[in-house]
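Here the structure comes first, spelled out in structure tokens, and everything after it is commentary.
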Amino acid sequence: MAAPAGRVGQAGFLGFTPGARGGRKPETARKRVNRNKKKNWNRHSDIRDVEEFLDDVRLQERTAGGMLSEKADDHLFFVDTGDKKKAVAAKKKVKPLRIDLILQPDSKVPAPKDISSHQVPNGRKLKRKLEREEKLAAQGVLPRSERLLQAQLRNKRPRCKPEANNNPGRGFYDLWEDDSLEPSPGEPESWHSQQTKKGQVKRPSRLNVKPSQLPAIEVLNPGASYNPTFESHQSLLLQAHENEVKRLRQEEKLERQVKLPTAAEVATQESQFQELCEGLVESDDDATLEDGEGEELGTTPMAQREKKTERQRKKEKEARILKVKMEAEKSLKKHGQELFQLRSIRAEISQQQAESVRRKEKREEERKADAFKPKRLGRLK
């Protein structure tokens with residue numbers, strides 16, 4: 001007997017296994033897997049639901065900038081009031097593109113604080129300047145800019161008003177005059193320069209001071225010319241000879257200072273040993289003299305090591321106290337006698353002043369001598 005059509009269509013096909021009932025598939029036995037091993041975790045674990053959830057979260061972050069469940073209603077919906085004026089204004093208003101909105105930051109994490117945007121260039125320097133100005137203002141001292149402004153107001157010069165063209169006393173300039181419009185150096189400015197305010201600029205005073213007293217061009221000795229006289233030529237040769245002799249003397253002096261000692265002057269082992277034993281080896285005369293003195297004094301090494309008695313220590317203590325007392329009296333007496341040394345003190349002061357004047361004159365002479373030497377152009381000689 002055939003099964004009903006509805007039953008067969010729902011089941012799909014009839015089951016022929018002994019466990020199949022009513023056309024259903026037999027239930028397979030659950031596979032036993034050892035889950036305490038790490039290699040079976042990913043192989044026999046179903047994580048499809050987790051992956052689908054993470055894909056959905058990434059899609060929402062890419063498209064909407066975050067989870068839709070966390071968005072406010074204002075970001076997802078809007079109320080359509082149907083106002084035509086607002087609709088026209090909204091159409092006229094330029095809206096950013098969707099791609100621009102996606103590129104805008106929509107993160108929950110705030111941007112890091114830009115410290116440099118809150119800093120002022122040279123802030124510490126300006127702060128110290130303001131503090132110094134406040135301190136000077138409390139003392140009644142005005143800043144330099146304020147002092148200059150007040151000086152300008154005090155020494156305010158009357159402004160030169162241009163003269164009228166119809167003034168009969170106004171100066172006259174001949175256009176067809178042969179003289180040049182530019183005055184020569186040292187002459188007063190012309191009428192044209194005064195009227196056009198294009199006179200010569202005043203030369204700075206520092207340009208009038210010569211940096212060196214040396215001449216611009218060094219003039220050679222007359223004996224160095226092509227056809228010199230006999231006397232000038234001989235004087236030039238004598239000067240060159242003196243310079244060469246001076247150079248040779250300096251070289252000989254340097255050689256004498258750095259030359260090696262001769263064979264007779266070289267120290268031998270005997271001389272070195274004698275220098276090392278100097279004062280250590282006693283001669284016979286010195287030994288006999290010391291023995292005689294020791295016998296006369298009657299002192300022995302053991303006598304020097306004897307322990308001092310209480311009486312000897314007391315005498316030494318009194319001697320030390322007396323010595324300190326005498327030194328204090330001597331220093332006090334010396335301070336009292338300094339009142340009578342005013343003449344010698346004045347002589348010392350005058351001597352120091354004379355020495356300072358002499359050094360000052362010497363420095364002035366060196367400065368004048370340096371004026372005739374070439375100047376250093378850089379930090380190296």
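The figures that follow rest on heavy atoms only: side chains count, while hydrogens, waters and symmetry mates do not. Note that the structure is predicted; figures quoted are calculated from it, not measured.
If you take CG on N122 and NZ on K129, they are separated by 10.5 Å, rounding to the nearest 0.5 Å. Rounded to the nearest 0.5 Å, atoms CG (L214) and NZ (K373) are 10.5 Å apart. Here the CG-CG distance, from D49 to L54, works out to 9.5 Å after rounding to the nearest 0.5 Å. The distance from the CG atom of L248 to the CD atom of E255 is 9.5 Å, given to the nearest 0.5 Å. The structure places CG of L142 at 11.0 Å from CG of L148, a figure rounded to the nearest 0.5 Å.
Side-chain contact between I349 and Q353 is present, with heavy atoms from C-beta onward closer than 4.5 Å. In this structure, the side chains of R144 and R147 come closer than 4.5 Å at one or more pairs of heavy atoms. Q234 places none of its side-chain heavy atoms less than 4.5 Å from the side chain of L238. Between K71 and D106 the shortest side-chain heavy-atom distance falls below 4.5 Å.
Among all heavy-atom pairs drawn from P228 and G223, the shortest one is CG-O, 3.6 Å. Considering every non-hydrogen atom in both A347 and S350, the closest pair reads O-OG, 2.7 Å. Between P261 and V266, the shortest heavy-atom contact is O-CG2, 4.0 Å. Minimum interatomic distance between P96 and L101 (heavy atoms only, all atoms of both residues): CG-CD2, 3.8 Å. In plain terms, the two heavy atoms of N221 and S235 that are nearest each other are OD1-OG, 4.4 Å.
Counting heavy atoms of neighbouring residues, nucleotides and ligands inside a 6.0 Å radius, atom CD of Q139 exceeds 12 of them. For Q312, the CD atom sits in a packed shell: over 12 heavy atoms of surrounding residues, nucleotides or ligands are nearer than 6.0 Å. Within a 6.0 Å radius of CD in Q150, more than 12 heavy atoms belonging to other residues, nucleotides or ligands are found. The environment of L153 atom CG is dense: over 12 non-hydrogen atoms of other residues, nucleotides or ligands sit within 6.0 angstrom. For D73, the CG atom sits in a loose shell: 12 or fewer heavy atoms of surrounding residues, nucleotides or ligands are nearer than 6.0 Å. The number of heavy atoms from other shown groups lying within 6.0 Å of CD (E310) does not exceed 12.
When the side chains of ILVMFWY residues are joined at heavy-atom separations under 4.5 Å, either directly or via intervening members, I321 and V324 end up in two distinct hydrophobic clusters. L130 and L136 are assigned to two separate hydrophobic clusters, defined by single-linkage of ILVMFWY side chains at heavy-atom distances under 4.5 Å. Under a hydrophobic-cluster definition in which Ile, Leu, Val, Met, Phe, Trp and Tyr are linked whenever side-chain heavy atoms come within less than 4.5 Å, directly or via other members, L68 and L59 are assigned to different clusters.
A salt bridge links E251 to R247: one of the charged nitrogens lies within less than 4.0 Å of a carboxylate oxygen. A salt bridge links E355 with R359: at least one charged nitrogen is closer than 4.0 Å to a carboxylate oxygen.
Residues meeting the salt bridge (Lys or Arg N to Asp or Glu O under 4.0 Å) test with E364, sequence neighbours left out: R367.
For residues 315-342, the set of pairs meeting the side-chain hydrogen bond (donor to acceptor under 3.5 Å, both in side chains) definition, not counting sequence neighbours, comprises K308-E316. Pairs engaging residues 52-70 under the side-chain hydrogen bond (donor to acceptor under 3.5 Å, both in side chains) rule: D55-R58, D56-Q60 [sequence neighbours left out].
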Quiz prompt | Chi angles and distances behind the side chain to side chain contact (heavy atoms under 4.5 Å, CB included) call for R124, R128 | solution = CA-CA 6 Å; R124 295 184 179 178; R128 289 196 300 268; 3.9 Å; yes

